[in-house]
Amino acid sequence: QVQLVESGGGSVQAGGSLRVSCAVSGYDYRGGCMGWFRQAPGKERERVATIFSSGWTSKVESVKGRFIASLDIERNTLYLQINSLKPDDTAVYYCAAASPGLLSSFECDDLRERSATYWGQGTQVTVGT
């Protein structure tokens, strides 16, 4: 059974950095596509970063440049580093994963919600001015 549990959200000032974590259990990283999404109040959920893992190597795709996904397989943890935070980054951040082997590395770059089988419960990030 795959479980994803986010942590590390909080309130930060604009211009700062924050790293949120996603504890992963039961997931086969080989051919795995994982990603980070966010949803701001009144807006649709959007993808901010994806990471494709072929085991011990990973390819990262960042949609907005300031968002960097990383995967520590030994710790079973997915991370999202957010730099140069802006008030517009205020949102609930979710980690998600597609079924292993479902998507190629190329397809993972464009991970859609409908392709992500597993979701965490989300962690709130609030950026003040």
Whether Lys86 and Asp88 form a salt bridge (side-chain N of Lys/Arg under 4.0 Å from carboxylate O of Asp/Glu) is what I want to check.
no
Return the CD to CD distance between Gln121 and Gln3, rounded to the nearest 0.5 Å.
10.0 Å
What I'd like to find out is whether the side chain of Leu85 reaches to under 4.5 Å of the side chain of Gln13, using heavy atoms alone.
no
Tell me, do Gln81 and Ser17 make a side-chain contact under 4.5 Å, heavy atoms counted?
yes
Can you see which heavy atom on Thr123 is nearest to which on Gly9, and at what distance?
OG1-N, 3.1 Å
Just verifying a value: how many Å separate Ile68 CD1 and Arg19 CZ, rounded to the nearest 0.5 Å?
11.5 Å
Looking only at heavy atoms, the pair that brings Pro87 and Thr129 closest together is CG-CG2, 3.7 Å
Verify same cluster id: Val92, Val48 (apolar side-chain graph, 4.5 Å):
no
Indicate yes or no for a side-chain donor-acceptor contact from Thr126 to the backbone of Thr90 under 3.5 Å, with no hydrogens or angles considered.
no
Side-chain contact test, heavy atoms from C-beta onward, threshold under 4.5 Å: evaluate it for Phe37 versus Leu111 and give yes or no.
yes
Answer yes or no: is there a side-chain heavy-atom contact under 4.5 Å between Tyr94 and Cys22?
no
Please confirm whether the backbone N or O of Ala98 pairs with a side-chain atom of Tyr27, one donor and one acceptor, at under 3.5 Å?
yes
Can any side-chain N or O of Glu6 pair as donor or acceptor with the backbone N or O of Cys95 at less than 3.5 Å?
yes
Any side-chain heavy-atom pair of Phe52 and Asp109 under 4.5 Å:
no
Calculate, to the nearest 0.5 Å, the distance between atoms CD and CD belonging to Glu44 and Glu113 respectively.
8.0 Å
Distance from Arg47 atom CZ to Lys64 atom NZ, nearest 0.5 Å?
10.0 Å
Geometric class of the Tyr93/Phe67 ring pair [parallel <30°, tilted 30-60°, perpendicular >60°]:
parallel
I need the minimum non-hydrogen distance between Asp110 and Arg112, along with the two atoms involved.
OD2-NH2, 2.7 Å
Just so I know, are the side chains of Leu78 and Trp36 near enough to count as touching, which here means a heavy-atom distance under 4.5 Å?
yes
What verdict does the side chain to side chain contact (heavy atoms under 4.5 Å, CB included) test give for Tyr29 and Met34, after you've listed the backbone C-alpha separation in whole Å, the side-chain angles of each residue and the deciding distance to 0.1 Å?
CA-CA 9 Å; Tyr29 298 107; Met34 309 185 77; 4.1 Å; yes
State, with a plain yes or no, whether a side-chain heavy atom of Asp89 is found less than 4.5 Å away from one of Arg38.
yes
When you group the ILVMFWY residues by side-chain heavy-atom contacts below 4.5 Å and let the links chain together, are Val24 and Val5 in the same group?
no
Look at the side-chain heavy atoms of Ile, Leu, Val, Met, Phe, Trp and Tyr, link any pair under 4.5 Å apart, and say whether Leu80 and Ile73 land in one connected group.
yes
Closest heavy-atom contact between Thr77 and Ser21?
CG2-CB, 4.0 Å
If we ignore angles and hydrogens, is there a donor and acceptor under 3.5 Å between the side chains of Thr117 and Ser99?
yes
Atom CZ of Arg45 with >12 non-hydrogen neighbours under 6.0 angstrom
yes
Please say yes or no: joined through hydrophobic side-chain contacts below 4.5 Å, possibly via intermediate residues, are Leu4 and Leu103 part of one cluster?
no
Give a yes or no on whether Val20 and Tyr118 share a hydrophobic cluster (residues Ile, Leu, Val, Met, Phe, Trp, Tyr; joining criterion: side-chain heavy atoms under 4.5 Å apart).
yes
In Å and rounded to the nearest 0.5 Å, what is the CZ to OG distance from Arg30 to Ser53?
10.0 Å
